[in-house]
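Notes to accompany the following structure.
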Amino acid sequence: MKEKVFYSKQVKHYEGLGIRQGANCIVKLSNYELKLCDIKGRPIVGISLKDISNVAIISDKEIIEKDKSVIGRGIVGSVLFGGAGLILGGLSGLNKKQVIQNVDYLIINYKDNGEDKVINVYADAGVINNGFIKWINKFVDMSKKDVKCPYCNSDIKDIDVKCPNCGKRVRGEKQLKILKWVFIGSIVFLIVVIGAIAMAAGGGSNRDMNIIKRVANVEDEQAEKIDNILNDIGIKDIDDMKADSEGLDGFEGEGSKGYRIKTSFSDNVILYLDGNNNVICIRYADKDYYRNGNILNRFE
């Protein structure tokens, strides 16, 4: 069966590939093996799925106060990982080091000519997530299920579509469709996760726009323009906003309206809009930060 790559992500190397720590590399998952390549896509290590003993994500928080850190330099033995007691290659580290910054690592345990080996790469910021772990472990389990070809009785793997010995199809169309949707499902899962992260990153801006729309009674486009100007002068998040018609309306000319914006550092940033809801100025502590299209100061 032709090799198909179902997952490919650029990560940073930590240990096990014979390249410098922090160097960019690529993790590729295919229907036959897990490959780790250099930044130009040239294979460094190709690990058959059946030779993988475990793949997991572990964080520094999970190894606080270990006598020997799981993440370190050089294989020196082994430690137990998680409730399942899976064996991870023990890597030397600083004794009883208190971990301060949480860092996630992808740990790959595998056998090479009967020898236990381990590869570590950084798995920060959702680059590699538990969805990937779930599916690769599923494919690893499938690769280790030995079955017989119904035509020549030779050994085949559960993931084989055609017998490698006689070349005849050993998996029906229904099974092929199930496998296809399993792979598609994993890709969709990754897309959803990435989308959720992107939405979370932009959540503050959407919330700010909703506050501006509600209080200033403006349309989406105008609220976005106001929010962009606030961002440009350093106000990234709005806690609240209220109109002050008695104290501020008309202060910047006939038809002008004034609003008090509450932020993390003050509840008295003043926003003035003209009769067409364009920003006249933004003022704080008797200082103009924006006026008539010009940024005069920025909040640090």
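Sequential numbering from 1 along the given sequence is applied to the chain's residues.
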Start with the C-alpha gap between Ile233 and Ile282, add the side-chain angles, then the distance that decides, and say whether side chain to side chain contact (heavy atoms under 4.5 Å, CB included) holds.
-> CA-CA 9 Å; Ile233 65 172; Ile282 300 171; 3.7 Å; yes
Honestly curious: do Ile295 and Ile229 fall in one hydrophobic cluster under the side-chain, below-4.5 Å linking rule?
-> yes
Do any N or O atoms from the side chain of Asp274 and from the backbone of Val279 form a donor-acceptor pair under 3.5 angstrom?
-> no
Starting from the C-alpha separation in whole Å, work towards a yes-or-no answer on salt bridge (Lys or Arg N to Asp or Glu O under 4.0 Å) for Asp220 and Lys213.
-> CA-CA 7 Å; Asp220 288 350; Lys213 283 171 57 181; 2.5 Å; yes
With hydrophobic residues grouped by side-chain heavy-atom distances under 4.5 Å, do Ile26 and Ile47 end up in a single group?
-> no
NZ/NE/NH1/NH2 to OD/OE distance under 4.0 Å, Arg260 and Asp267 = no
Test salt bridge (Lys or Arg N to Asp or Glu O under 4.0 Å) applied to Arg283 and Asp288, step by step = CA-CA 4 Å; Arg283 183 176 299 149; Asp288 286 348; 2.8 Å; yes
With Leu271, the side chain to side chain contact (heavy atoms under 4.5 Å, CB included) member among Ile212, Ile238, Ile226 = Ile226
Flag if over 12 foreign heavy atoms under 6.0 Å of CG, Asp232 | yes
Take Val45 and Tyr110 through the test side chain to side chain contact (heavy atoms under 4.5 Å, CB included) and record every step on the way to the result.
-> CA-CA 11 Å; Val45 175; Tyr110 68 103; 4.2 Å; yes
Any donor-acceptor pair under 3.5 Å from Ser256 side chain to Asp249 backbone = no
Can you measure from CG (Asn120) to CD1 (Ile107) and round to the nearest 0.5 angstrom?
-> 4.0 Å
Can you tell me if Lys12 and Asn24 form a side-chain donor-acceptor pair at under 3.5 Å?
-> yes
For Leu17 and Ile44 the tightest heavy-atom approach is O-CG2, 3.6 Å
May I ask you to test the Leu296-Tyr289 pair for a side-chain heavy-atom distance under 4.5 Å?
-> no
Salt-bridge present (Glu252, Arg291; N to O < 4.0 Å) = yes
What's in the same ILVMFWY side-chain cluster as Phe251, cut-off under 4.5 Å, chained through other members?
-> Leu248, Ile270, Tyr272, Ile280
Report the C-alpha separation of Asn277 and Lys225 in whole Å, then their side-chain angles, then the decisive distance to 0.1 Å, and conclude whether the side-chain hydrogen bond (donor to acceptor under 3.5 Å, both in side chains) test is met.
-> CA-CA 10 Å; Asn277 293 317; Lys225 289 180 180 179; over 6 Å; no
Mark yes or no for whether Ser48, through its side chain, and Glu33, through its backbone, hold a donor-acceptor pair below 3.5 Å.
-> no
When you look at Tyr290 and Tyr284, which way does the ring pair (Phe, Tyr, Trp, His ring centres under 6.0 Å) test go after all the steps?
-> CA-CA 10 Å; Tyr290 178 92; Tyr284 175 66; over 10 Å; no
So, do Cys152 and Asn165 sit near enough that their side-chain heavy atoms are less than 4.5 Å apart?
-> yes
Any chance you could measure Leu29, atom CG, to Ser8, atom OG, to the nearest 0.5 Å?
-> 10.0 Å
